[in-house]
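Everything quoted here is computed from the prediction, not taken from an experiment.
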2 protein chains.
Amino acid sequence: MRKGNETRERILDIAEAGVLAKGFGATSIDEIIAEAGITKSGFFYHFHDKNELARGLLARHRGRLGQLVDEIFGRAAELSDDPLQQLLIGLTLFAEHMAAMPGGHPGCLVATMSYQEQLFNREVRAMVSSIVEDWNAFFRSMIEKIVAAYPLREPVDPGRIARNITCAIDGGIIMSKSLGDPSVLPEQMLMARNYVKMLFQPAALHAVPREALAA
Amino acid sequence: MRKGNETRERILDIAEAGVLAKGFGATSIDEIIAEAGITKSGFFYHFHDKNELARGLLARHRGRLGQLVDEIFGRAAELSDDPLQQLLIGLTLFAEHMAAMPGGHPGCLVATMSYQEQLFNREVRAMVSSIVEDWNAFFRSMIEKIVAAYPLREPVDPGRIARNITCAIDGGIIMSKSLGDPSVLPEQMLMARNYVKMLFQPAALHAVPREALAA
DNA sequence: CAGAAAACCGTACCGCCGGTGCAGTTTTCG
DNA sequence: CGAAAACTGCACCGGCGGTACGGTTTTCTG
């Protein structure tokens, strides 16, 4: 009765590879079971439909990504006590992690599924939505700590800043895919980092406008 | 022989509505022809397969969106001669346009199709990719004009800034969809605007760090 | 070791979907 | 009127997600 979990994990592995490479819709059950060496009945024993497979993939993905983020921002907390520096360091490490992936990052399951919404039922959509909200909440909590310690250069809602970081990641993933250039994702993560930095660190005095045009 | 174009347009209209509402994969040909009141043979007379339908949608979308952008940034050019102000005004008008859409913006065809890549052949993918590149090139040319007139607060490549704006739009669309909140898109467009503004307009003198922690 | 539950297999079947092929018909325009 | 354009009608194909259900093997537990 433990073999069941092994098979389940194998199905998820194969499905995940397929989804990241070709998208959810293009990853057929027939294909998965062929690679897993099981029958259709076996597949439907573990997942009663494709939506359940999607939920399984998302749940695993959330866990793994959460662990990665914990490691990265845990390391950032080791390196600095300052909340602003922690976020800046964490984002840098995150970007480096993405850049270091051989052949580019594999693509985010959540981002992939966000755009294939229509293939799924409410439960899966709710799951995708809650994962995005988790990300926003994570960054928001970090930003609120920063706001408590630093003056904002402009009055910007912490939620907006948090969503901007998440947007940069999602947008970076989508643009990396569209352009076939994996370097866009880490680049845009660093752009988001720089945004935060600028919001909380006022410009150096020597950086004044060349002309008086700047109102 | 002009009725042919009318039917073609009607097919595109129906398909576009379906794709924006449910995605490309979930919009079936059977469904389109039923709504258009034609037969399957009639459909395949106009589009020899679904990829050609996708190309037709993208071509029309590109034209329309290009016109909108021309209007918006043409208006911005009327309102200011300064290249920085033109971009800032244009992005504000763009964001307002998106916010004003009843029930939220309809969703971007390009963004939708970027994430359903696997459903299409090379031609369609190339088209999606070239549209994204057009956007980047458009913002880039504006930013290069600004760079020629303003000092950059930090040394950032104009291409990166351009891609950041495009990313904010794509990310905003995807997050609006994921969270079911259309206000995220205009919000994030304005965040991108603010980023540009900050990059070229140094902070006011009163905005200094509350503590010496900011390195 | 027995027995029950879990983890499958085999097979036949369903409806939807994208797509093909092709002959025949109507519409439109010059 | 005639030719081209714009369809219709119908039969068919393979792949897909999914259902139904009876039978078999594997695995853990008492």
Side-chain angles (χ1 to χ4, degrees), chain A residues 1-19 21-58 112-113 116-125 127, chain B residues 1-58 112-113 116-125:
Chain A
M1 326 215 172
R2 109 168 60 93
K3 198 192 162 197
N5 273 330
E6 279 171 26
T7 303
R8 204 187 124 96
E9 286 299 307
R10 210 164 72 251
I11 292 173
L12 287 173
D13 286 338
I14 295 166
E16 185 172 314
V19 171
K22 308 176 300 179
F24 193 82
T27 305
S28 74
I29 295 175
D30 284 340
E31 177 189 327
I32 295 170
I33 63 176
E35 202 177 327
I38 57 170
T39 63
K40 218 167 186 178
S41 312
F43 175 87
F44 284 108
Y45 173 79
H46 289 285
F47 303 95
H48 104 275
D49 63 10
K50 236 190 161 188
N51 279 289
E52 203 173 308
L53 175 65
R55 268 183 286 149
L57 286 173
L58 283 174
T112 303
M113 292 189 180
Q116 304 198 332
E117 259 190 327
Q118 67 286 346
L119 296 175
F120 307 113
N121 63 17
R122 273 184 217 150
E123 292 172 69
V124 179
R125 279 199 286 259
M127 205 164 165
Chain B
M1 323 210 174
R2 108 169 61 91
K3 199 193 165 198
N5 272 329
E6 280 171 26
T7 303
R8 203 188 124 95
E9 286 299 306
R10 206 164 75 251
I11 293 173
L12 286 173
D13 286 339
I14 295 166
E16 185 171 314
V19 170
L20 290 176
K22 305 176 300 177
F24 193 81
T27 305
S28 73
I29 295 175
D30 285 339
E31 177 188 328
I32 294 170
I33 64 176
E35 201 175 328
I38 57 172
T39 63
K40 218 167 186 179
S41 313
F43 175 87
F44 284 108
Y45 174 80
H46 289 286
F47 304 95
H48 103 277
D49 64 9
K50 235 190 162 190
N51 278 288
E52 202 173 308
L53 175 66
R55 269 183 284 149
L57 287 173
L58 283 174
T112 303
M113 293 190 181
Q116 304 199 330
E117 259 192 327
Q118 68 286 347
L119 295 175
F120 308 114
N121 63 18
R122 275 183 213 151
E123 292 172 68
V124 179
R125 281 198 285 258

Closest to the A/Ile38 side chain, choosing from C/dC9, D/dT8, C/dG18: C/dC9

Which nucleotide sits closest to the side chain of B/Phe44: C/dG10, D/dC16, C/dT20?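 The answer is C/dT20.
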
Please confirm whether the shortest side-chain N or O distance from [X] to OP1 or OP2 of [N] is below 4.0 Å.
X: A/His46; N: C/dA7; result: no
X: B/Tyr45; N: D/dA6; result: yes
X: A/Ser41; N: C/dC8; result: no
X: A/Thr7; N: C/dA7; result: no

Identify, between A/Phe43 and B/Glu31, the residue whose nearest nucleotide on DNA chain C lies closer to the 5' end. A/Phe43

Name all residues meeting the side chain to side chain donor-acceptor pair (under 3.5 Å) criterion together with B/Glu52; count only those two or more places apart in sequence or in a different chain, and write none if there are none.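 Scan of B/Glu52 (side chain to side chain donor-acceptor pair (under 3.5 Å), adjacent residues dropped) gives B/His48.
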
Only one of B/Ile33, B/Leu53, B/Leu57 passes side chain to side chain contact (heavy atoms under 4.5 Å, CB included) with B/Ile11, and that residue is B/Leu53

Rounded to the nearest Å, what distance is computed from the [atom1] atom of residue [X] to the [atom2] atom of nucleotide [N]?
X: A/Asn5; N: D/dT26; atom1: CG; atom2: P; answer: 19 Å
X: B/Glu52; N: C/dG18; atom1: CD; atom2: C1'; answer: 14 Å
X: B/Lys50; N: D/dG15; atom1: NZ; atom2: C1'; answer: 14 Å
X: A/His48; N: D/dA20; atom1: NE2; atom2: P; answer: 11 Å
X: A/Asp49; N: D/dG18; atom1: CG; atom2: P; answer: 5 Å
X: B/Ile32; N: C/dC16; atom1: CD1; atom2: P; answer: 17 Å
X: A/Phe47; N: C/dA6; atom1: CZ; atom2: P; answer: 17 Å
X: A/Leu119; N: C/dC17; atom1: CG; atom2: P; answer: 13 Å

Distance-only donor-acceptor test (3.5 Å): side chain A/Lys40, base D/dG18: yes

Between [X] (side chain only) and [Y] (backbone N and O only), is there a donor and an acceptor less than 3.5 Å apart?
X: B/Asp13; Y: B/Glu16; result: no
X: B/Asn51; Y: B/Ala54; result: no
X: B/Lys50; Y: B/Leu119; result: no

Report the residue (B/Gly42 or A/Asp30) whose heavy-atom-nearest nucleotide on DNA chain D is the more 5′ of the two. B/Gly42

